[in-house]
Structure formats: structure tokens, C-alpha cells
Amino acid sequence: MEKYPKNFNSPYDGNGEDDEYEFVIPSQFKMGKEEIKRKLGFRDFPKRTIEEKRGLLGSEERVRALDAITTTTLPASKKEIKKGVVLEVAEQNLISPEVLRNNLLVYIGSGTDIEYALALGGEK
Amino acid sequence: MFTDEKNEDEVAGKIRRIISEEVKKEEKVLTFGFDFGSGRESATVELVDKNYSDKNKGEGWYELPDKIGMVVLYASQGPGGTLVANEEMKSAIVDGGMIWEETTAIIKKGNNEEIVVWVNNNSNRGYFDDFINVDF
């Protein structure tokens, strides 16, 4: 039995009274910590050597684009998430290079972050 | 963003530093050679100085094109608030295409979606730690 905020779907009223109640978690949601971590993708991204990066991205210019990824609007640590994701997209072949070769990559944001598009392989 | 020409130049400068070659700029379209893994190919970047929202349409607002391979959303706060993947984007991406919003991606597979969550415990400590520490 776990205690959860009573009104966890609504704004917390902050009065500290009757804010928790107990309920049984349905069996289909009972997962071990490792399984939860796996489902959430909860992990650090592996450190890659320059050769590994080159192997995954296929060209020196894409590696240079990856290395140029930065962040101005988010905490500096998010930069490593961005780089890690770019490499993982390539490693797991999550999107076919042909999809990016033949179709548009649209970046919607508040910065001038052209590096992602190039590191990901967006040609258009 | 791209109503200011210096931001256009900043994008061109970033590309120039990566490829160590000149970038051709005509109006708001940048053209340059880039090796994506199969040798030098022609790449184009179109800079659009419009806001996008799935609710506000019409003049001055960006209309998503058809046949998008990938939508990347980063720090995409605008007049309509922070932007996340929406049904319009899901319709506009091709089969096998992806919407990447910071730590999450949605990949279109036929009529289904595959969701991939990327989380780094150094930067997201707190919310995810609380969730993980629930001992069932």
C-alpha cells in the first residue's frame, strides 16, 4: 500500500490536511525498479570516443555538428542529453536516413540551433 | 527570431564553421555542401520568421508543410505557450518519421506510434527519482 497525494490530478491546495490517501496499485502497473527505469529510458548516455561518433554518424562533418551542439535556454547538462540522443537515434536506427534524405526536417524553437538538424542528418 | 538579420547570419556562421566553406544565402534560404555520410551533397536551410501554433492559423502564422521527416522542438515557448507534439504534426510526418521534443520522441509507424523516452538522471533528478523510488 502506497500513499499518494489525494488530489494529484488537481492543483495542490497546500493546507496540509487530508492530502494523502492509500490505494492498491493494479497488478499490471506493478513493475520492478529496473523495469521502470528501462521503460522510462532512465540512464546516463554512454561516453563515446571520436571513432565511435564517426562510426555512428558516418562523416566528419556530422561529428563536428554534434560537437557544436550547445544550449542557451536550458541548463548546461541538457546539452549532453541532446548529444546523447542524436547518437542514440543513429545507433538504434530510430529514423531511417532515407526518411531525412527525402523529406523535410522542421525545427521549431527559439534559438539558432542548426547543429541538431545537421548532426541528425537533415538535408532539407 | 529571423526577423533580425543577425540571427540569419548566426546560423550561416555556425554552418560555415562546421563545413569550413562558404554558405550561399539568398533571401532566407541557405545552400551549402555537406557530407551526411555518402559524400558531399547539397543541403538547404530555409529560415522562417513566423510563429507556429496548432490553434492559431492564418496570416503571419507558420503552416506546417506536408511530408515532414522529422519535427524537432526545443525551447519552443511562444505566444501559445510551450509547444509539444500535436495531432497536426503527427499527420504531417511521413511513415517512419519522428517528432523529438526534448527528452521524448514519437515515431510514426503506420497507424501506430512508438514512444521513446530519453532521460538523463543528472539533469532530471527530482521528479524521476521520486517516481523511481516508489517501492512496489
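Residue numbers start from 1 in every chain, and the chains themselves are labelled A, B, ... in the order their sequence lines are given, proteins ahead of strands. Note that these values count all heavy atoms, side chains included, but never hydrogens, waters or copies made by symmetry.
Contact of B:Val94 with chain A is made through the side chain alone, with heavy-atom distances under 4.5 Å. Using a 4.5 Å cut-off between heavy atoms, B:Ile107 touches chain A through its side chain atoms alone. For chain B, the nearby parts of A:Leu118 are the backbone and the side chain; heavy atoms of each come within less than 4.5 Å. Of the two parts of A:Leu57, only the backbone, made up of N, CA, C and O, holds a non-hydrogen atom closer than 4.5 Å to a non-hydrogen atom of chain B.
When hydrophobic clusters are built by joining Ile, Leu, Val, Met, Phe, Trp and Tyr residues whose side-chain heavy atoms come closer than 4.5 Å, directly or via intermediates, B:Val11 is not grouped with B:Val29.
Listed by chain and number, the residues in a side-chain contact (heavy atoms from CB on, under 4.5 Å) with B:Glu101 are B:Leu73, B:Val84, B:Ala85, B:Thr104 (sequence neighbours excluded). Residues passing the side-chain contact (heavy atoms from CB on, under 4.5 Å) test with B:Glu22 are B:Arg16, sequence neighbours excluded.
Contact count against chain A (heavy-atom pairs under 4.5 Å) is highest for B:Glu41 among B:Arg17, B:Met89, B:Glu41, B:Glu10.
With hydrogens and angles ignored, the 3.5 Å screen pairs no side-chain donor or acceptor of B:Asp35 with any backbone N or O of A:Ser59.
At a threshold of 4.5 Å between non-hydrogen side-chain atoms, the residues B:Tyr62 and A:Val106 count as touching.
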